[in-house]
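Some notes on the structure that comes next.
Quick note: residue numbers are just sequence positions, from 1. Just so you know, these numbers use all the heavy atoms, side chains as well, and skip hydrogens, waters and symmetry mates.
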Amino acid sequence: MVNLIKSDLYRLFRSKTYKSCAIGALGVTIFVLSLAIFTDAELWIMAFTSNGVRRGFMIGLEQGTAFRDLLINALGSGAGLYIIAIVLTSTAIISRKRSGIMKATVAYGYERWKIYLSQVISLIVGISILIIIVFLSILSITCIVFKIYNIELLLIVKVLILYISVVAATVSVYGFLSTLIQNSEVISVIAIAEILGLTMLEPALSIKITSFIPYSMIRTLAQVPESVDFISYLIKVFLIIIISTFLGIIIFSKKEIK
């Protein structure tokens with residue numbers, strides 16, 4: 001299992017897809033920093049208003065330059081990294097089958113559940129590295145620029161763990177969908193439908209439903225990071241990861257690898 005993960009990580013980091021996603025993450029970092037440092041505007045991304053409260057990803061510092069504002073600004077990167085995580089997951093999984101790598105791995109004699117779990121773990125590690133670099137870069141640079149030194153380390157750790165966990169759940173869900181559908185175009189349509197559909201319909205949906213949807217979870221985290229229940233979030237994330245990974249293993253075990 002360890003050797004599988006090592007080989008999957010090696011292929012992932014050397015792939016054109018990961019390098020493209022890394023460039024995309026760099027673009028997100030530059031965009032968020034530029035808006036925060038060189039403008040006085042507040043930009044909302046994928047936002048909606050419900051009961052007079054605006055929810056979405058906020059970038060910019062119109063509200064001020066308190067540490068909380070810098071934290072929310074850094075979490076604004078979640079809008080871009082959420083999409084990057086979906087693209088990386090679907091492309092990596094589908095391309096492995098099309099390139100013949102999956103067939104060779106199966107033929108080598110590894111158990112299928114280990115092969116599937118290894119690729120999910122490698123994808124989570126890969127996107128987590130991008131998240132950590134982007135989030136800490138934005139937060140640290142804006143803190144230096146705006147001379148904010150009353151940094152809340154515990155809050156940063158809490159938010160970063162939840163940030164990574166929710167994106168890991170996204171990787172697990174789209175890993176399952178990519179294994180089931182095996183079509184990049186269809187996965188793209190599903191992702192667009194999720195983001196746009198939830199943006200429009202979330203005010204009408206029960207909070208019991210939206211609290212288990214990764215996209216809604218990361219958007220809530222981006223708005224009220226200090227108010228999110230840490231344990232509750234982790235429990236929900238682990239449930240999503242366990243269920244979607246279990247379903248993915250079942251589908252992968254029954255699929256014919258050509």
Side-chain angles (χ1 to χ4, degrees), residues 1 4-25 78-108 110-131 164-198 212-218 237-258:
M1 184 69 175
L4 269 175
I5 295 173
K6 287 181 178 179
S7 61
D8 282 343
L9 284 172
Y10 178 78
R11 279 193 294 266
L12 179 67
F13 292 144
R14 289 176 61 87
S15 68
K16 291 182 180 179
T17 301
Y18 190 79
K19 292 175 182 177
S20 298
C21 288
I23 293 173
L81 290 180
Y82 187 83
I83 296 173
I84 289 174
I86 294 173
V87 171
L88 178 62
T89 301
S90 60
T91 305
I93 290 178
I94 294 172
S95 65
R96 286 188 68 184
K97 181 180 178 182
R98 292 178 177 174
S99 64
I101 292 175
M102 186 62 70
K103 181 179 180 180
T105 306
V106 171
Y108 200 79
Y110 289 106
E111 294 178 80
R112 288 206 178 192
W113 72 267
K114 290 183 178 180
I115 296 173
Y116 183 85
L117 193 59
S118 173
Q119 66 180 356
V120 170
I121 291 173
S122 65
L123 285 167
I124 289 175
V125 171
I127 194 64
S128 294
I129 291 173
L130 296 181
I131 289 172
I164 292 172
S165 298
V166 175
V167 176
T170 304
V171 171
S172 299
V173 171
Y174 278 87
F176 157 64
L177 291 174
S178 299
T179 302
L180 176 64
I181 299 171
Q182 290 288 326
N183 187 298
S184 300
E185 290 75 19
V186 175
I187 296 298
S188 298
V189 171
I190 291 174
I192 293 171
E194 178 201 4
I195 294 171
L196 296 181
L198 196 60
F212 278 93
I213 300 176
Y215 176 66
S216 180
M217 295 174 74
I218 196 172
V237 163
F238 285 134
L239 283 174
I240 294 170
I241 292 174
I242 290 171
I243 293 172
S244 57
T245 302
F246 177 72
L247 292 174
I249 289 173
I250 292 176
I251 297 298
F252 182 68
S253 298
K254 294 182 178 180
K255 269 192 174 294
E256 183 180 356
I257 307 297
K258 298 180 179 180

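- Rounding to the nearest 0.5 Å gives a distance of 9.0 Å between CD1 of I131 and OG of S165.
- S216 places no side-chain N or O within 3.5 Å of a backbone atom of F212 that could act as its donor or acceptor partner.
- Here the side chains of I218 and T170 are not in contact, with every heavy-atom distance at 4.5 Å or above.
- The two residues S95 and A92 have their closest heavy-atom pair at OG-O, 3.1 Å.
- Annotation for S178 and S90: closest pair OG-CA, 3.2 Å, computed over non-hydrogen atoms.
- Here CD of E111 is found 11.5 Å from CG of L117. Values are rounded to the nearest 0.5 Å.
- A side-chain donor-acceptor contact under 3.5 Å links S122 to the backbone of Q119.
- Two residues are said to be in side-chain contact when any heavy atoms from C-beta on lie closer than 4.5 Å; F176 and I243 fail this criterion.
- Distance check, rounded to the nearest 0.5 Å: CD1 of I86 to OG1 of T91 gives 11.0 Å.
- Counting heavy atoms of neighbouring residues, nucleotides and ligands inside a 6.0 Å radius, atom CZ of F13 exceeds 12 of them.
- Looking at L177 and S244, their side chains never come closer than 4.5 Å, going by heavy atoms from C-beta outward.
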Q. So Y174 and I190, side chain to side chain contact (heavy atoms under 4.5 Å, CB included) or not? Walk me through it.
A. CA-CA 10 Å; Y174 278 87; I190 291 174; 4.1 Å; yes
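- In terms of modelled atom types and a separation under 3.5 Å, the side chain of T245 and the main chain of I242 share no donor-acceptor contact.
- Using a 4.5 Å heavy-atom threshold, the side chains of L130 and I127 count as touching.
- Annotation for T179 and G175: closest pair OG1-O, 2.8 Å, computed over non-hydrogen atoms.
- Contact annotation: the side chain of V167 never approaches that of L81 to less than 4.5 Å [non-hydrogen atoms, C-beta and beyond].
- Between S253 and Y116 the shortest side-chain heavy-atom distance does not fall below 4.5 Å.
- Atom-to-atom distance recorded for F238:CZ and S172:OG is 10.5 Å, nearest 0.5 angstrom.
- No donor-acceptor pair closer than 3.5 Å links the side chain of Y215 to the backbone N or O of E194.
- The closest donor-acceptor contact from the side chain of S118 to the backbone of I115 lies at 3.5 Å or more, if one exists at all.
- Looking at every heavy atom in both residues, A25 comes nearest to I84 through N-CD1, 3.6 Å.
- Atom-to-atom distance recorded for I187:CD1 and Q182:CD is 8.5 Å, nearest 0.5 angstrom.
- Within the 4.5 Å cutoff, side-chain heavy atoms of L88 are placed close to those of T17.
- Taking CD1 of I5 as the reference point, atom CG of L12 lies at 12.5 Å (rounded to 0.5 Å).
- Counting only heavy atoms from C-beta outward, the side chains of L123 and V120 never approach each other to under 4.5 Å.
- The minimum heavy-atom distance linking I164 with S128 is given by the pair CG2-OG, 3.2 Å.
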